[in-house]
Each structure stands twice: as C-alpha cells, then as structure tokens.
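These notes are about the structure you will find just below.
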Amino acid sequence: MIQIKIINKGHQPLPAYATPQSAGLDLRANISEPIVLHPMERKLVPTGLYMALPAGYEAQVRPRSGLALKHGITVLNTPGTIDADYRGEIMVLLVNFSDIDFVINDGERIAQMVIAQHATAQFELVTELDETERGAGGYGHTGVK
C-alpha cells in the first residue's frame, strides 16, 4: 500500500474502494448544480480533488461499468492518465453515447480511479528487430476461432 497526499476542496468524501478486493476507487461529481449531458455531448466534471502521486506512479480514470451499461455514459479518453507531476484538479471527461439526456447529480459516482506503478522507457535506435513467431501479424492475424 502506498500513501498519497490529497487535498479535498469539495464537499464529497475521499475516493474509496467499494470492496476489499476492488482495484478502482470511486470518483464523485463535486458540483453546485446538476449537469445535463445531452446525447453525444461531452463535458468535464469536477471532483474537487487534488493529489500528489509518488514518482513512478500514475492514476488511471476509467468508466464505471454500471453507467456504461445502463445509461451509455463513459469516460471519453479511457483511460484518462493523471501523471505524478500533475497538481491540478482531477476532472472526469464524460460522454453520453445514449439517445436521451443524462443528468449528473452532485455526489454521483461518475468514474473509477486506479493507481498503478509504471516503468519509464529509454529508446535505443536500431536498424532491425529480433524475429518472433508472430512477427508483424496485427489486427485479426489469428483469425476467428
């Protein structure tokens, strides 16, 4: 478990895991009045949260499966990445893929956030790569089974 410094300028509880084995923490809308998300419309929704992740970590903002299934609401830039050096407010970019308006209310769980460790890469420029069984096989290369 890692410690993360967080500031809550909003009036919602801090993100929390729903169960002991949950990977994602719920993020809640921190708004003064409901937001109407029309079909095919996208909006940034504030959370009131600011955090300082340790170096080597990121936070991924992902959709909530229930909102996606029941209402067609998802995070547009899935997963949204919050870098360790970002200090601004955590915002969630939601889009409405349904054919009816969706109302986002204050305190509603709008997304989930997963804290993940990551590697930093350094590229080595070469003229050829080692051979593998797959080679350059890309989309659909294994066919339908």
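All of these numbers come straight from a predicted model, not from anything done at the bench.
- Every pair passing side chain to side chain donor-acceptor pair (under 3.5 Å) that includes a residue from residues 94-109 is listed here, sequence neighbours excluded: His11-Asp106, Gln12-Asp106, Asp26-Arg109, His38-Asp101, Asn96-Ser98.
- Rounding to the nearest 0.5 Å gives a distance of 9.0 Å between CD1 of Ile82 and CG of Leu49.
- In this structure a side-chain-to-backbone donor-acceptor pair under 3.5 Å is missing from Thr74 to Pro63.
- Linking ILVMFWY residues whenever their side-chain heavy atoms come closer than 4.5 Å, directly or via other members, places Ile90 and Leu53 in the same cluster.
- When the side chains of ILVMFWY residues are joined at heavy-atom separations under 4.5 Å, either directly or via intervening members, Phe102 and Leu76 end up in two distinct hydrophobic clusters.
- When every heavy atom of Pro54 is checked against every heavy atom of Ala84, the shortest pair comes out as O-CB, 3.5 Å.
- Taken to the nearest 0.5 Å, the CG atom of Leu37 stands 10.5 Å off from the CE atom of Met40.
- In this structure, the salt bridge (Lys or Arg N to Asp or Glu O under 4.0 Å) partners of Lys43, at least two apart in sequence or on a different chain, are Glu41.
- Residue Leu94 forms a side-chain contact (heavy atoms from CB on, under 4.5 Å) with just one option from Ile35, Leu44, Ile104, and that option is Ile104.
- For residues 48-59, the set of pairs meeting the side chain to side chain donor-acceptor pair (under 3.5 Å) definition, not counting sequence neighbours, comprises Glu58-Gln60.
- The salt bridge (charged side-chain N to carboxylate O under 4.0 Å, His left out) contacts involving residues 79-89 comprise nothing, where partners must be two or more places apart or lie in separate chains.
- Both Phe97 and Leu93 sit in one connected hydrophobic cluster of ILVMFWY residues. Membership requires side-chain heavy atoms under 4.5 Å apart, directly or through other members.
- Partners of Thr19 according to the side-chain hydrogen bond (donor to acceptor under 3.5 Å, both in side chains) rule, which considers only residues two or more places apart in sequence or in another chain, are Ser22.
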Take Leu25 and Ile115 through the test side chain to side chain contact (heavy atoms under 4.5 Å, CB included) and record every step on the way to the result. CA-CA 9 Å; Leu25 301 127; Ile115 308 298; 4.1 Å; yes
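- Here the CG-CE distance, from Leu27 to Met113, works out to 5.0 Å after rounding to the nearest 0.5 Å.
- For the atom pair Gln112 CD and Leu67 CG, the distance stands at 10.5 Å (nearest 0.5 Å).
- Tracing side-chain contacts under 4.5 Å through hydrophobic residues (I, L, V, M, F, W, Y), one reaches Tyr17 starting from Ile2; they form part of the same cluster.
- Note: the hydrophobic cluster containing Leu14 also contains Tyr86 (ILVMFWY, side chain heavy atoms under 4.5 Å, direct or indirect links).
- The two residues Met91 and Pro46 have their closest heavy-atom pair at SD-CA, 3.4 Å.
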Report the C-alpha separation of Leu125 and Phe123 in whole Å, then their side-chain angles, then the decisive distance to 0.1 Å, and conclude whether the side chain to side chain contact (heavy atoms under 4.5 Å, CB included) test is met. CA-CA 6 Å; Leu125 189 59; Phe123 292 103; over 6 Å; no
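- Taking each heavy atom of Pro15 and Ile6 in turn, the nearest pair found is CD-CD1, 4.1 Å.
- Atoms CG and CG, from Asn30 and Asn8 in turn, are 7.0 Å apart once rounded to the nearest 0.5 Å.
- Here the CE atom belonging to Met1 is positioned 10.0 Å from the CD1 atom belonging to Ile4, to the nearest 0.5 angstrom.
- With a 4.5 Å cut-off on side-chain heavy atoms, Pro79 and Val61 do not count as touching.
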I'd like to know whether Arg62 forms a side chain to side chain contact (heavy atoms under 4.5 Å, CB included) with Val114, so could you lay out the CA-CA distance, the side-chain angles of the two residues, the decisive distance to 0.1 Å, and finally the verdict. CA-CA 8 Å; Arg62 301 177 180 181; Val114 174; 3.7 Å; yes
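- When the salt bridge (Lys or Arg N to Asp or Glu O under 4.0 Å) test is applied to Arg42, no partner is found at least two apart in sequence or on another chain.
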